Amino acid sequence: MIDVQHWLSALPPGMVYLIVAGVIGVESMGVPLPGEIVLVSSALLAATGVVEPEWVASAAAFGAIVGDSVGYAVGRRGGRPLLARLGRRFPKHLGPAQLARAEQSFARHGVWAVFFGRFVALLRILAGPLAGALHVPYRRFLLANAAGGLVWAFGTTYLLYSVGRAAEHWLKDISWAGLVLAVLAGLGSTWWLRRRAHRVESADGASGVEAAEVTSGGQAVAGASGGQPTEAASGGQPTEVASGGQSAVAAVPGGEPTRAGEH
């Protein structure tokens, strides 16, 4: 991330804004690119006065909203075959497992998955194409998309900008300490976003396990209270369990059931 920041600092401000909008826009279309790293690096660069924070945030929001909308249109036209092709091309980021988790998030949260997906690495890439493939109404998608893009872009930019300005004010005579603080702020934001993504993945995985109920041998087992029958796996004969002084019938494999106490 420090290398990206140094590389951006050598460019004119207008070029930095275009790169922020372009990288985030292409990422939002469904292509794995380091949009988060570019935004964080540009926000920290704004704290040094090289670029303006409002233009960085505006470029990021523009790229997020337009990119998601393009991804929505492509996903609506291409459908699931398009997502399958993207999974084969980028198996590490958009493979079948990642696509399944994203679909579970849409099934659970609906259009809110688009809003909160802007803060999660996986959904940030798949939200647009997946919403189009699932035929989410575009007006609802656009509302959630615009809200998520604006909150994510301006919130991330001004949070890191404020941290950087505070560090410059209090540590302006210790340049190396300001650099360390800027790096820690960037790493902290990356850790927070990845932690949210891990929580979403864990919640989706747990719901999948609960949904997969497995019956043992396909046999039904009744309660053993009040002399109710229990089907046993041995010989398929019923076994009546004694309760409260009731007689017990035991299933004998290959033979007739016998009642307890009979000879």
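A quick note: this is a predicted structure, and the numbers were derived from the prediction, not measured. Sequence positions, counted from 1, serve as the residue numbers for this chain.
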Quick one, Tyr72 with Leu130, criterion side-chain contact (heavy atoms from CB on, under 4.5 Å). Give me CA distance, side-chain angles, the key distance, then yes/no.
CA-CA 7 Å; Tyr72 174 93; Leu130 189 57; over 6 Å; no
Please tabulate, for side-chain N and O atoms in residues 133-141, each donor-acceptor pair with protein atoms closer than 3.5 Å (sequence neighbours left out).
from: His135; atom 1: ND1; to: Arg76; atom 2: NH1; distance (Å): 3.4
from: Tyr138; atom 1: OH; to: Ser69; atom 2: OG; distance (Å): 3.3

Distance-only check: which donor-acceptor pairs under 3.5 Å involve side-chain atoms of residues 10-17, not counting sequence neighbours?
from: Tyr17; atom 1: OH; to: Glu52; atom 2: N; distance (Å): 3.0

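Applying the ring pair (Phe, Tyr, Trp, His ring centres under 6.0 Å) test to Tyr161 and every residue at least two apart in sequence or in another chain returns nothing. With sequence neighbours excluded, no residue forms a side-chain contact (heavy atoms from CB on, under 4.5 Å) with Ala127. Scored by the side-chain hydrogen bond (donor to acceptor under 3.5 Å, both in side chains) test, Ser28 finds Arg118 as partners (sequence neighbours excluded). Residues passing the side-chain contact (heavy atoms from CB on, under 4.5 Å) test with Ala61 are Leu150, Ala153, Phe154, sequence neighbours excluded.
Within the 4.5 Å cutoff, the side chain of Trp152 has heavy atoms near those of the Leu39 side chain. Considering only heavy atoms from C-beta on, Val38 stays 4.5 Å or farther from Ile24 through its side chain.
Considering all non-hydrogen atoms of both residues, Ser42 and Val51 come closest at O-CG2, 3.8 Å. Minimum interatomic distance between Val20 and Val56 (heavy atoms only, all atoms of both residues): CG1-O, 4.0 Å.
Between Phe115 and Trp112, the angle of the ring planes goes over 60°, which puts this pair in the perpendicular group of the 30/60° scheme.
The salt bridge (Lys or Arg N to Asp or Glu O under 4.0 Å) pairs that include a residue from residues 19-35 are Glu27-Arg124, where partners are two or more places apart or lie in different chains.
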